[in-house]
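These notes concern the structure reproduced below.
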Amino acid sequence: MKLRGLYAITDSQLLAGKFLAYVEAALDGGVTLLQYRDKSSDEARRLREAEKLRELCSRYKTQLIINDDFDLAARLGVGVHLGQTDGPLTPARALLGSKAIIGATCHGQIELAEQAAKEGASYVAFGRFFNSNTKPGAPAASVEMLAEARKRLHVPICVIGGITLENAEPLVAHGADLLAVVHGLFGADSTQEVTRRARAFNDLLKISV
Ligand SMILES: Cc1ncc(COP(=O)(O)OP(=O)(O)O)c(N)n1
Ligand SMILES: Cc1nc(C(=O)O)sc1CCOP(=O)(O)O
Ligand SMILES: [Mg+2]
């Protein structure tokens with residue numbers, strides 16, 4: 001099945017004290033991929049939280065992706081997202097198996113995406129498209145590049161970086177399959193608002209949940 005939909009990404013600071021409640025609210029509104037992104041080195045907590053997310057995802061039939069750490073992904077039997085400095089795709093694919101979802105960061109460079117697709121990436125991620133609270137220093141990507149990438153690539157295209165309900169539409173119109181969002185989804189005042197936003201992102205992608 002082609003990967004398309006809302007790609008929710010967790011943020012340990014933003015979700016402090018409301019982690020599982022906000023994640024479940026998002027899943028309730030419809031999430032195709034959920035990424036566990038925790039940049040700390042507290043391995044025991046990371047394992048505990050990832051296990052809880054795996055259980056939640058299995059209840060909501062959502063695919064869990066671990067950021068950076070393919071050993072943790074292999075331990076849990078889930079997918080992984082790898083940046084340009086997080087290790088090569090080929091051994092990750094060998095470790096996780098042919099069915100695992102493996103994503104690759106490609107910044108604003110179509111050549112990186114072509115290479116990642118050749119090495120077996122399940123989706124390629126371009127960004128940052130807008131100013132991002134979560135990762136302000138990420139390299140920039142443009143809508144023109146996205147349109148060109150759509151013509152050249154046959155793998156699902158994920159977009160990331162400062163995406164909100166207000167600015168996502170042109171990205172969908174220019175070929176994005178997956179909208180990867182932290183603040184624009186979880187930076188909400190209530191669980192009800194998280195669910196409403198998730199549903200609205202799915203409406204933008206014309207996905208019925
Ligand atoms: C879906 C998605 N796209 C891009 C990234 C960024 O990955 P990376 O460049 O490795 O940076 P960190 O997230 O690890 O700080 C991502 N995580 N997810
Ligand atoms: C983790 C990440 N990677 C990016 C990239 O461009 O590669 S932007 C980003 C942060 C996404 O969070 P928000 O939706 O809050 O901007
Ligand atoms: Mg990374």
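Remember, it's 1-based here, ligands and their atoms both numbered in the order they're listed.
Near Ala125, with a cut-off below 4.0 Å to any heavy atom, the atoms of ligand 1 are 3 (N). Counting atoms of ligand 1 from 1 in the listed order, those under 4.0 Å from a heavy atom of Cys158 are 1 (C).
Within a 6.0 Å radius of CD in Gln109, more than 12 heavy atoms belonging to other residues, nucleotides or ligands are found. In Lys18, the NZ atom is crowded: over 12 heavy atoms of neighbouring residues, nucleotides or ligands sit closer than 6.0 Å. Crowding of Lys39 atom NZ: a count of heavy atoms from other residues, nucleotides or ligands under 6.0 Å exceeding 12.
Contact annotation: Gly127 has no heavy atom less than 4.0 Å from any atom of ligand 1. Ligand 1 lies nowhere less than 4.0 angstrom from a heavy atom belonging to Gln84.
By the rule that hydrophobic residues join a cluster once side-chain heavy atoms approach within less than 4.5 Å of another member, Val78 and Val31 end up as members of one cluster. Note on Leu72: it does not cluster hydrophobically with Val80, by side-chain heavy-atom contacts below 4.5 Å among ILVMFWY residues. Cluster membership check: Leu89 does not share its hydrophobic cluster with Leu3, using side-chain heavy-atom separations under 4.5 Å among Ile, Leu, Val, Met, Phe, Trp and Tyr.
Remark: side-chain polar atoms of Tyr22 are paired, donor with acceptor, to backbone N or O of Ser190 under 3.5 angstrom. Using a distance-only test at 3.5 Å, with no hydrogens or angles considered, no donor-acceptor pair links the side chain of Ser122 to the main chain of Gly103. Between the side chain of Gln84 and the backbone N or O of Thr105 there is at least one donor-acceptor pair closer than 3.5 Å.
With respect to atom 14 (O) of ligand 1, the closest heavy atom belonging to the protein is Lys39 NZ, 2.6 Å. For atom 8 (P) of ligand 1, the closest heavy atom belonging to the protein is Thr105 OG1, 3.6 Å.
Residue Gln35 has at least one nitrogen or oxygen atom sitting less than 3.5 Å from a nitrogen or oxygen atom of ligand 1, judged on distance alone. Inclusion of Tyr7 in the set of residues having an N or O under 3.5 Å from an N or O of ligand 1 is not warranted. Considering both main-chain and side-chain atoms, Lys135 comes within under 3.5 Å of ligand 1 through a nitrogen or oxygen pair.
In this structure, Arg196 pairs ionically with Glu193, as a charged nitrogen and a carboxylate oxygen lie closer than 4.0 Å.
Residue contacts with ligand 1 for Asp86 involve side-chain atoms from C-beta outward but no N, CA, C or O (heavy atoms, distance under 4.0 Å). Contacts of Asp68 with ligand 1, taken as heavy-atom pairs under 4.0 Å, involve the side chain alone.
Closest heavy-atom approach to atom 13 (O) of ligand 1 within the set Arg128, His107, His81, Arg37: this belongs to Arg37.
Residue-level check: among N/O/S atoms of Asp68, OD1 sits closest to the Mg ion (ligand 3). Asp86 has its closest N, O or S atom to the Mg ion (ligand 3) at the position named OD2.
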Checklist entry - When you look at Arg45 and Ser40, which way does the side-chain hydrogen bond (donor to acceptor under 3.5 Å, both in side chains) test go after all the steps? => result CA-CA 9 Å; Arg45 182 171 55 79; Ser40 79; 3.0 Å; yes

Checklist entry - How far apart are the C-alpha atoms of Leu171 and Val143, what are their side-chain angles, what is the distance that settles it, and do they pass the side chain to side chain contact (heavy atoms under 4.5 Å, CB included) test? => result CA-CA 7 Å; Leu171 301 178; Val143 169; 3.9 Å; yes

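Residues Phe19 and Tyr36 share a closest heavy-atom pair of CZ-CE1, 3.9 Å.
Sorted by chain and number, the residues within 4.0 Å of ligand 2 by heavy atom are Arg37, Gly127, Arg128, Ser132, Thr134, Lys135, Ala138, Ile160, Gly161, Gly162, Val181, Val182, His183.
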